[in-house]
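Questions regarding the structure given below will be posed in turn.
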Amino acid sequence: MPELPEVETIVRGLIPRLTGRRIVAAEFPCQRVLRSPMDGLAGLRIDGVRRSGKFIVFTFDNRRSLEIHLGMTGKLLVNGEPGPYTRALFTLEDGLLLYDDVRQFGRLELSSAGGRGRTAALGPDPLELDAESFVREVRARRSRIKPLLLNQGFLRGLGNIYTDEALHRAEIHPLALSSRLSRPRCLRLHESIRQVLLESIEHGGSSISDYVDAEGRRGGFQSLHRVYGREGQPCMVCGTPVRRIVVAQRGTHFCPRCQRR
DNA sequence: CTTAATGTTCCCCA
DNA sequence: TTGGGGAACATTAA
């Protein structure tokens with residue numbers, strides 16, 4: 001569900017509500033979403049909340065950290081009502097933090113003191129990676145460009161929506177070979193990725209079906225998507241109907257005229 | 001009834 | 001070693 005802009009929006013909402021608060025109690029009605037034992041959370045103070053790719057990371061006063069991945073339908077809600085899909089429940093000094101997840105694809109993992117856990121294996125953040133490094137890395141790989149951008153070990157944070165949107169802005173076919181993209185084309189892709197992510201963050205992310213921020217509000221960027229979810233509708237640039245194919249088992253939307261192979 | 005959905009992981013094959 | 005394809009996970013909505 002949530003890609004970089006959605007997770008960034010959630011984290012920005014969590015920071016003022018959680019920083020400095022202590023966890024009074026933690027309950028886990030659903031074992032499936034736990035990737036590690038959850039012992040010892042009660043009494044810990046939340047020192048920081050940050051985003052790492054699509055992960056939300058809490059750091060505590062004992063130097064341990066909690067990494068949360070929202071999967072497809074995960075939500076972190078401040079002061080929400082517990083319901084049938086509440087998979088974790090944190091009682092804080094001044095309120096409740098809920099982890100709701102209909103499909104249970106999300107994961108919670110407590111990592112050791114000072115350890116970076118799962119996020120250590122991720123590629124660079126697309127908003128921090130400089131253009132030259134991006135060009136070099138893309139051209140060094142031999143992969144179709146869409147699966148490469150979805151690979152979290154290559155770049156952290158892009159998912160199905162923003163990959164399609166960025167490739168359309170850069171006029172690159174999703175099946176183009178990364179090693180054969182020209183330098184200017186790669187530079188344009190780097191800039192397209194940055195722009196689409198930053199614009200989406202400004203609009204609070206995209207709400208397709210499930211996504212809401214920490215306060216339960218939907219995002220607004222979905223109405224500005226140029227190809228994602230717009231199969232058959234005219235391309236906003238040239239008017240050609242947007243086409244949908246399947247790439248890496250994901251629905252893939254592109255303009256067959258603007259994005260030639 | 002069938003298909004698709006913002007994601008990741010694991011297994012097998014080339 | 002790298003990359004591609006498919007299945008699996010669980011649930012809902014169209």
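Numbers restart at 1 for each chain; the letters A, B, ... are given by sequence-line order, proteins then strands.
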Can you give the dot-bracket line for DNA chain C, where a pair is Watson-Crick or G-U wobble with both atom distances under 3.5 Å, crossing pairs use [ ], and | marks a partner on another strand?
.||||||||.||||

Can you tell me how far P of C:dC9 sits from CG of A:Leu70, to the nearest Å?
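Atom CG in A:Leu70 sits about 22 Å away from atom P in C:dC9.
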
Going by atom types alone, do A:Asp101 and A:Tyr99 pair a side-chain donor with an acceptor below 3.5 Å?
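Indeed, the side chains of A:Asp101 and A:Tyr99 share at least one donor-acceptor pair under 3.5 Å.
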
From CG of A:Asp164 over to P of B:dG7, roughly how many Å is that when rounded to an integer?
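Distance check: A:Asp164 CG to B:dG7 P gives 10 Å.
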
Considering heavy-atom distances to DNA chain B, does A:Arg35 or A:Ser209 have its closest nucleotide positioned more toward the 5' end?
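The 5'-side residue here is A:Ser209.
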
For B:dG7, take OP1 and OP2 only and decide whether either is under 4.0 Å from a side-chain N or O of A:His69.
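A:His69 to B:dG7 OP1/OP2: no side-chain N or O under 4.0 Å.
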
A:Thr73 side chain near B:dA5 phosphate (N/O to OP1/OP2, under 4.0 Å):
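No, because none of the side-chain N or O atoms of A:Thr73 sits under 4.0 Å from OP1 or OP2 of B:dA5.
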
So which atom in A:Arg103 and which in A:Thr73 form the shortest heavy-atom distance, rounded to 0.1 Å?
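Closest heavy-atom pair between A:Arg103 and A:Thr73: N-OG1, 2.9 Å.
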
A:Glu132 vs A:Arg183, test: salt bridge (Lys or Arg N to Asp or Glu O under 4.0 Å). Steps then yes/no.
CA-CA 9 Å; A:Glu132 289 306 325; A:Arg183 180 187 152 75; 3.1 Å; yes

How long is the line joining NZ of A:Lys75 and C1' of B:dA5, in whole Å?
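Atom-to-atom, A:Lys75 to B:dA5, this comes out as 14 Å.
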
Scan A:Arg244 against the nucleic acid and name what it touches under 4.0 Å (heavy atoms): base, sugar-phosphate only, or nothing.
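Answer is sugar-phosphate: A:Arg244 comes under 4.0 Å of backbone atoms only.
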
So how far is it from A:Lys146 NZ to A:Leu158 CG, rounded to the nearest 0.5 Å?
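The CG atom of A:Leu158 is 10.5 Å from NZ of A:Lys146, to the nearest 0.5 Å.
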
Using whole Å, report how far CD of A:Gln31 lies from P of C:dA10.
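Atom-to-atom, A:Gln31 to C:dA10, this comes out as 14 Å.
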
Return the nearest nucleotide to the side chain of A:Lys54; candidates are C:dC9, C:dG3, B:dT8.
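Taking heavy atoms from C-beta onward, the closest nucleotide is B:dT8.
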
Check for me, please, whether A:Leu177 and A:Ile145 land in the same ILVMFWY cluster - side-chain distances under 4.5 Å, paths through other members count.
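Cluster IDs for A:Leu177 and A:Ile145 differ.
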
Do the ring centers of A:Phe254 and A:His173 come within less than 6.0 Å of each other?
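Between A:His173 and A:Phe254, which both carry aromatic rings, the centre distance is below 6.0 Å.
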
Which whole-number value in Å describes the distance from A:Asp210 CG to B:dA4 P?
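Roughly 18 Å, once rounded to whole Å.
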
Can you list the steps and then say if A:Arg35 with A:Glu67 is a salt bridge (Lys or Arg N to Asp or Glu O under 4.0 Å)?
CA-CA 10 Å; A:Arg35 263 211 146 109; A:Glu67 298 178 335; over 6 Å; no

Looking only at non-hydrogen atoms, find the nearest pair between A:Arg230 and A:Leu224 and report the distance.
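For A:Arg230 and A:Leu224, the tightest heavy-atom pair comes out as NH2-N, 4.4 Å.
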
Rounded to whole angstrom units, what separation is found between the CD atom of A:Glu137 and the P atom of C:dG3?
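So the CD-P distance, A:Glu137 to C:dG3, works out to 12 Å.
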
OP1 or OP2 of C:dG3 sitting under 4.0 Å from any side-chain N/O of A:Arg141?
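Answer yes for this pair, as a side-chain N or O of A:Arg141 is under 4.0 Å from OP1 or OP2.
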
Could you say whether A:Gln249 or A:Arg142 is positioned toward the 5' end of DNA chain C, judged by the nucleotide with the nearest heavy atom to each?
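Upstream on the strand: A:Arg142.
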
A:Gln152 CD to B:dT9 C1', straight-line distance once rounded to whole Å:
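Taking atom C1' of B:dT9 as the reference, CD of A:Gln152 is at 13 Å.
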
Can you list, in residue-number order, the parts of residues 96-105 of chain A that come under 4.0 Å of DNA chain B, counting heavy atoms only?
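A:Arg103, A:Phe105 - these, ordered by number, are the residues of the stretch whose heavy atoms sit under 4.0 Å from the strand.
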
Integer-rounded Å distance: C:dG3 C1' and A:Leu148 CG
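Going from A:Leu148 (CG) to C:dG3 (C1'), I get 11 Å.
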
Taking the P atom of each, how far is B:dT8 from C:dT12, in whole Å?
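Result for the P pair: 22 Å, nearest Å.
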
Does B:dA5 have its OP1 or OP2 closer than 4.0 Å to a side-chain nitrogen or oxygen of A:Arg250?
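The answer is no; no side-chain N or O of A:Arg250 sits under 4.0 Å from OP1 or OP2.
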
NA contact type, A:Tyr85, heavy-atom cut-off 4.0 Å: base, sugar-phosphate, or nothing?
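The answer is sugar-phosphate, as A:Tyr85 gets under 4.0 Å only of primed atoms, P, OP1 or OP2.
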
Within the structure shown, what part of the strands sits under 4.0 Å from A:Arg107 by heavy-atom distance: base, sugar-phosphate, or nothing?
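Nothing, no heavy atom under 4.0 Å.
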
Who else is in the cluster with A:Phe55 when I, L, V, M, F, W and Y are joined by side-chain contacts under 4.5 Å?
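Members alongside A:Phe55: A:Val57, A:Leu122.
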
Taking A:Met38 as the starting point, is it possible to reach A:Leu97 by hopping between hydrophobic residues whose side chains are less than 4.5 Å apart?
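Yes, one cluster joins them.
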
Respond yes when some side-chain nitrogen or oxygen of A:Arg118 is under 4.0 Å from OP1 or OP2 of B:dG7, and no when none is.
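Answer no for this pair, as no side-chain N or O of A:Arg118 is under 4.0 Å from OP1 or OP2.
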
